[in-house]
Number of protein chains: 2
Amino acid sequence: MQSRTPASRPGRPRSATADAAILAATREALVELGWSKLTLQDVAMRAGVAKTTLYRRWAGKNELVVDAVAELFDELRLPDAGSLAADIEGVVLQFAALLDRPECRSGLMAVVAESTRDEPLRERIRASVVERQKRLVVEGRSRAQARGELPPESDPEETARTIDLTFDMVAGAVVHRTLVSGKPADGPWIRSFIRVLLLGLSAPA
Amino acid sequence: MQSRTPASRPGRPRSATADAAILAATREALVELGWSKLTLQDVAMRAGVAKTTLYRRWAGKNELVVDAVAELFDELRLPDAGSLAADIEGVVLQFAALLDRPECRSGLMAVVAESTRDEPLRERIRASVVERQKRLVVEGRSRAQARGELPPESDPEETARTIDLTFDMVAGAVVHRTLVSGKPADGPWIRSFIRVLLLGLSAPA
DNA sequence: AGCTTTCGCTACGACCCGTAGCGTAATGGC
DNA sequence: GCCATTACGCTACGGGTCGTAGCGAAAGCT
């Protein structure tokens, strides 16, 4: 996750149990304290490890929380509900449920904010969180094109741009609705959103 | 801004000069240090005031940064470029320029993250930042309806939902593009975005 | 065995927080 | 002009977190 083991090094290996306990303790602390009041020594206490163990594995609070939140995004799955609209609705509902969890709300936006001044952190977020979401867009899109619900594209560069645009529109709208407007991204909202989105995307270039 | 003066109170009034100096110093510190390394005593030094003066006016870092960033959003204007697409392009370009400024990037997302566990803070952000953006959507929409570019609505509740949806889609996509994907919301991107958006919004219900 | 790395523990200086207390400055009411 | 009231700058304080260093013991590999 954070430090690769080149084959097997000599010496005592790192405890995988401790890793899991630390990440779970981090999420627990995020729920109870939120990002700003979360301290590394509190996480160490909860996880039952020494504070120095945390610093051996993570550079700081930012990196730790990214890894703790990233695990939540493993749950995201692309359902096969028969139509593009239904597929998107299923994914967005899962995403909205994630953003409803307090450990996600307070952690994710905070590390994104930090990443504006920390390029390695941005890359870490991109690799472990954003890519997992984006893959859902790519897969859903190719599936819809096979069904004839979206116009196919020949130019691979144009395809990449359209995927980027779709991803930013979907994820951006849901996040903004949930965290800025503070209203739930529930069924009715999602369906009206998908309607606007698909009308725009399915039109010929 | 943060404490209303009921008519005129007895005693020495608060220095408006100090207010402006503090907010400017906050933005300056945001540029140089970013959100996480910004401290109130550093802001006090830069502004040439005592630390206690800061605490007399703002409850803490969160509220101070919200006010400092909110002033930036005063610059947003709705241009009259003749068509809805051109109007939106103008507004989004301004918004993207705002999000390019480091004092905005690092400050805005951080307070939004904090607001997930602080309802008064969320309300403060809504009133002083979000409302100013939303008004642009409302105005641009009614202008477009007068020009016949968007279908009119009879149900006022439906109208409110459409405005909310439009706002979340526009602001969300631009923020996500800029801060999460880390790519510029430049002219070509904005135009392809507007194309998708308007195709969806201009379709009949 | 011997070597290497991790782990828990303790301690440390540095820094920031948020508040209290003081004397002084600036205003409005009488 | 005097006084009550509020704002201001300054100093100081206890409490907390940070990130690091050093130590002895534990747990793997060869």
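Each chain gets a letter, A, B and so on, in the order its sequence line appears, and its residues count up from 1.
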C:dG18 P sits how many Å from A:Lys37 NZ, rounded? 9 Å

Answer yes when B:Arg46 and B:Glu32 have at least one side-chain N-carboxylate O distance shorter than 4.0 Å, and no when they do not. yes

I need the CG-C1' distance between A:Leu64 and D:dG19, as an integer number of Å. 15 Å

Quickly work out the B:Met45 CE to C:dC15 P distance and round it to whole Å. 12 Å

Between CD of A:Glu63 and P of D:dG19 the distance, given in whole Å, is 10 Å

Nearest-Å distance, CZ (A:Arg14) to P (C:dC7)? 6 Å

Do the side chains of B:Val69 and B:Val65 get nearer than 4.5 Å, heavy atoms only? yes

B:Ile22 CD1 - D:dG9 P separation (whole Å): 8 Å

Output yes when a side-chain donor or acceptor of B:Ser115 lies under 3.5 Å from a complementary backbone atom of B:Asp118, and no otherwise. no

A:Glu149 and A:Ser83: side chain donor to acceptor below 3.5 Å: no

Nucleotide D:dT6, atom C1' - distance to CZ of B:Arg57 in whole Å: 12 Å

Heavy-atom protein contacts under 4.0 Å, nucleotides 19-30 of chain C, coded B base, S sugar-phosphate only, - none: BB----BBB---

With a 4.0 Å cut-off on N to O distance, would you call A:Arg135 and A:Glu131 a salt bridge? no

Taking the basic N atoms (NZ, or NE/NH1/NH2) and the acidic carboxylate oxygens, is any pair closer than 4.0 Å for A:Glu119 and A:Arg126? no

Against the side chain of A:Ala50, the closest entry in D:dC18, C:dG8, D:dC10 is C:dG8

Check the distance between C:dG18's C1' and B:Trp58's CH2 and give it to me in whole angstrom. 17 Å

